[in-house]
Amino acid sequence: MGAITLSRRGFLKVAGLSAVGVGALGYTTFRSLDPVEAEELRSAPAELKYTADVMCPAECGIMVKVENGIASAVYGNPYVPYNAATICAKGASGLQMVYNPNRIKYPMIRVGERGEGKFKRVSWDEAIAYIADRLTAIKRDYGPESVIMDAGDVTDRDTYWRLAFAYGTPNATEHGSICDTPRRHGPKLMFGGKRVEPDIMRPLLLRQPDGTLKNDYSYRTKLIIYAGWNPFTATRINYESRGTVEAKLAGAKLVVIDPAFSNTAAKADKWIPIRPGTDPDLFAAILRYILENDDPDDPSRRYIDWSFQDASVGWTEFASAFRSWWRKTDPINGLSYFTPEWAAQRTGIAAEQIVELAHEYGITKPAALIWGMHGTGHHYNGYIPSIIGTALNVITGNFDAPGGVVDTEITKSDKGGKATGKDFLKREVTRTVDGKTVTGTQEELHMDRFGDWVAAWDDVVGDYPRRMLEGVTLRQGPFRGRTYPVKAYILRTGNSVITGSATWKWQEALTAKDDQGAYKVDLVAYIDTPFLESGMYADVILPEASYLERVSLSDVYPSHPMIWLRDAVIDKQFESRTPFEIMIALAKALVERGDPDIKPEDFWEKYAQEADFWTEALAGAPGRPNVGRPLPYPNLPEGFKLIGTPDSLEAGRVEIDPENKTIRGEPVTVEWLREHHGVAVWPMSYHRFPGGILKTSSKKIEFIWDWTETVEGEEKRFGQYASYNKLIEASGNVPPPIAALGWQKYPKTFYWFETKWNFHTNPEYASYRDRYPFQLTSGRIHHAMSGTQMVDWLGRFMVEDTWLPINDATTYDEINIGPDGPTPTGRKLTIAPNTWALGVIQMNAADARGLGFKTGDLIELETPLGYKARGKVNAVETIHPGVLRVAFGAGGRFSPGLGKNFYFKDVTPNHNELIDPEALSPVMGQPAFADMLVKVTRV
Amino acid sequence: MTLSTPTHDRTLLYAVLSRLVSYPVTTDLLRQVVELDVSGPAGRDAAGELRRMQDAISALGGADAAIEVLNREATRLFEGPGQPLAPPFGSFYLSGGTLMGPEAAAVRGAYLDAGFLPDPSVHLPPDHLSLELGFLGVLAGRAGDGPDAQMESARQAWWGFIAVHLAPWLSLWQADLSRAEAHAFYLGAAGFISEILEADLAWLDEHRPNDGKAAERG
Ligand code: SF4
């Protein structure tokens, strides 16, 4: 329009308009307000509204300032002890995500080929019909199990799972299977838990000797050891960075074991650099040292607190299996397994330092040994440090002790309950197998647990591409022998093309066609707020309401039961819809198409509104027993399961059911949470495990995972591996991943095997040492994770040495995705040099000098399998020689929805372009993201 | 004072303009565009921009045939996914590339000042161009009907809304459309919107209350 000229001119007349004609256009209407309402709205004060973050999966409690219906600031919610009023930079910048012009605004349908990124806007009706038509045809032609619902990386996945389970597929998953399953394995086996964290979440709501409840801020930990764990940069557990500093101020010592001098290492009393993939060796050496040197009669060597045996089973077998390795000689160094000298050869840490660490850990109480998800877990044998670490925390008396470690999975509140729809999995279904009609439950059609990955508690997303290409063969259970194809992949808040193992393999699977030229996977749907790489391969895109526009629940990693509400604090933007609305719309569309399994009474007749669904998900909260010291509710029976609001339990407004050992107060509801700053908090206690909080089959800490006992005259199998082994014994089919280890079934107790692509520990790879001299590992950079790369502020900070503003001066053509795929917008984008952080390759300065590289040089990484990626060198002292480190998911990002990072995709490394797609860890199928060898060349 | 201005027509015209940047493009809308005719004042080329739209519709084979092409083009230009080529939001141009920035709050304030808000069924930021044009239709309606004081204040608000909330960024938006080599229909639509607003601004400046102008000069 240019500068407005305020000249006096006549009125521009337009003819051809008729009220009837224009009325038919149905143009946007305004509603008239009465003067009082208008004045009230105009002068309405800003409000603080309570909700939960989703900028990362820590999902902290937050308060959002809302003015005129517009969110203008984000703060931490002081009533949620989990983050206790704090937020991180990423949380504070969340409005740049919610109000990002790149967010998905409308339903879209693909108009080009998959991967071209060509879409057109459609109505919700069209998009829902598109999905429902295909789901109906897939169920008819192949069976509902051919549909995968991958509900990604945000914990409010219950609506999507409910829909999937009701539709008839057991294949509903989440991102955990590509996140930290090896890290969780030890706690899962021994506690029925998941994540062990140090006891540094403060405040804790603790019962006082006088019977009152008080927030406790004291830190009791004397020693924290973080192995490959970097809460200051990588993890999403907000209280750990705060708590680590506070614990140190209160006198705790901090030791960090990491190949890189991380931000956490920078806070440590001691940084012990270690070679990647050798944490099992260090942990095994610590355990051996403690077992060999423990002396209950010598206070300077009283490492083991033998009282753990009162509440555990199988220690003798575990210790004996562990000791059996001491007699063996390691082919790679000729030393006896698990001695300090043996570990020194492998880890690169001096034997004396290992002894010192083992002694210090054994003698210091309370202490917390914590291991990481990338650093220790993302290896082919990443279970082993988790198992040994769990055992170490138990035998030293630190598990659930004040100042020790807490398993957050078994202590947090119950959530989801019947709303998640797991009851549908018990439905009886029939299928034809080898010409015979077979009956079983819906669950028994599961592609992993009854296929190749029997013990994969959290599914095997990293192996989906293979199954998309080759189909699924069930090997266990009643349907064994049945094969079915993967025909639909519905992805919500995940980005598996970048983070779910080899990127190229995902691309291959999602674009593979059959002989008729049709895509093998008939339907790819992408549901999210940001538009990430996986969306480029979608047939249909649904805009999901952002985390400030929907209702759900959060409960991530606290030390005691608490649950907080995610609430719709602003109106939904554009045509986005909440997960609840999407569930109902799809359910209705499927019923209209005659779906035999989805019933109105399970969906829209049951839940009149979104809050009803989440209130049902709260029905069992907190669902934990009244156990531990101090007892949470001394006036209520000990050991009984608690259900109900904190105030009703506190006031004794309860019904006690002695038969079922349940105490039921007034139910927690969405409304109750809204009236209580969005959060319910029940008291903390310690030493909860002897009282029945464990989720193991024996309710004890289990050092053995498959054993038989006679109970009331009947033989009963116990242990976390027992049910899998029973399946294997019944079928005679050994799952291929464990067969590759030479196992016939899952081991009864302690096991050991080497990781892949590591010439320091595995003789198979010794010959690569000269040609591929670098170990490549990855670490999370909280700022740079997946969708939040579209947040502009976060691109301006340097983080550690893998996310660095060393961009060249660059003018780029801005790119958009639309009906013609990625298209230059015509706008030129100029980024000044050294102002925009890129994912870079952290390299030891001496290594760089030896190769003639300096910071900023563009180099290429190549693996022995020939996979390549490029990035700029950051030559620094802060990394172990012989090790390269990149930020996970930070490079090679090719979605224009991300903003500026897209323009650096050719000079930033996506390390999942390098991963060996076959290197899926054998028990849980976790991609071995951190097992890589590379050589480097200048570009 | 009653002005013999065709404000009723303006209400209808703004409704059409609002629909030009709304989804979906419909045959009714395109037929309405085809039927439009523009005349006077001298020096403006609203007629040329209108013709550009009409020619584009006819080049596409008429209203029915044009729908699919134009809706795809609207997706590309205004919606993404990913970075939209020509985001039709005041905040994007005036508040640092974001949505719902201070400009959105200011526009919402202007709606409230006039005693209106978008219908709750509308889930667009208040500064989306289609809403802003719809709001001009509301103001135009009030400027042509009711007590004198109300008509005067509506003319002042109408002028102010164009001057403050549309004029500063519409040319930037048009430039983005040109750079994106937008379909002739949308180039014409943007040009037509711009021409109408510029002409109305000039006319309103002449016919808005003197005290409003004095206040600005002061
Ligand atoms: S830690 Fe995660 S959830 Fe918490 S404020 Fe930061 S981004 Fe948000």
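The figures that follow rest on heavy atoms only: side chains count, while hydrogens, waters and symmetry mates do not. Lettering of chains follows the sequences in order, A, B, ..., and the numbering in each one begins at 1.
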**Q** Give a yes or no answer on whether the side chain of B:Arg72 reaches the backbone of A:Lys120 with a donor-acceptor pair at less than 3.5 Å.
**A** no
**Q** With chain A as the partner, which of B:Pro24, B:Gly115, B:Ser91, B:Pro168 has the greatest number of non-hydrogen pairs under 4.5 Å?
**A** B:Gly115
**Q** So A:Val14 and B:Arg10, do their side chains get closer than 4.5 Å, heavy atoms only?
**A** yes
**Q** Can you say whether A:Leu17 sits under 4.5 Å from chain B via the side chain, the backbone, both, or neither, judging by heavy atoms?
**A** both
**Q** Does the side chain of A:Ser72 come within less than 4.5 Å of B:Met100's, by heavy atoms?
**A** no
**Q** Name the region of A:Asn68, side chain, backbone, both or neither, that has any atom closer than 4.5 Å to a heavy atom of chain B.
**A** both
**Q** Any chance you could measure A:Ser32, atom OG, to B:Asp119, atom CG, to the nearest 0.5 Å?
**A** 12.0 Å
**Q** Quick check against the 3.5 Å criterion: does B:Thr75 have a side-chain atom that pairs as donor or acceptor with the backbone of A:Arg121?
**A** yes
**Q** State, to 0.1 Å, how close B:Pro125 and A:Gln573 come at their nearest heavy-atom pair, and which atoms those are.
**A** CG-OE1, 4.0 Å
**Q** When rounded to the nearest 0.5 angstrom, what distance separates CD in A:Glu37 from CG in B:Leu117?
**A** 7.5 Å
**Q** Looking at residues at least two apart in the chain, or sitting in another chain, which of them share a ring pair (Phe, Tyr, Trp, His ring centres under 6.0 Å) with A:Phe574?
**A** A:Tyr106, B:Phe89
**Q** Would you say the side chain of B:Pro84 lies within less than 4.5 Å of the side chain of A:Asn102, judging by non-hydrogen atoms?
**A** yes
**Q** Heavy-atom distances under 4.5 Å only: say whether B:Tyr14 touches chain A with side chain, backbone, both or neither.
**A** neither
**Q** Do B:Leu99 and A:Asn100 come close enough that some side-chain heavy atom pair is under 4.5 Å?
**A** no
**Q** B:Asp113 versus A:Arg42: any side-chain heavy-atom pair under 4.5 Å?
**A** yes
**Q** Less than 4.5 Å to any heavy atom of chain B: does that hold for the side chain of A:Pro101, its backbone, both, or neither?
**A** both
**Q** Looking at A:Asp571, A:Val98, A:Val122, which makes the most heavy-atom pairs under 4.5 Å with chain B?
**A** A:Val122
**Q** Against chain B, label A:Ile70 side chain, backbone, both or neither, depending on which of its atoms sit under 4.5 Å from a heavy atom there.
**A** side chain
**Q** Using heavy-atom distances under 4.5 Å, tell me whether B:Ala175 contacts chain A through its side chain, its backbone, both, or neither.
**A** neither
**Q** Would you compute the distance between atom CG of B:Leu112 and atom CG of A:Leu41 and round it to the nearest 0.5 angstrom?
**A** 5.5 Å
**Q** Hey, does the side chain of B:His123 reach the backbone of A:Glu575 with a donor-acceptor pair shorter than 3.5 angstrom?
**A** no
**Q** Using side chain to side chain donor-acceptor pair (under 3.5 Å) as the criterion, list what pairs up with B:Tyr186, not counting sequence neighbours.
**A** none
**Q** Does a side-chain N-to-carboxylate-O contact under 4.0 Å join B:Glu79 and A:Lys105?
**A** no
**Q** For A:Phe30 and B:Phe116, take the angle between the two ring planes, folded into 0 to 90°, and tell me which bin it lands in: parallel under 30, tilted 30 to 60, perpendicular over 60.
**A** perpendicular
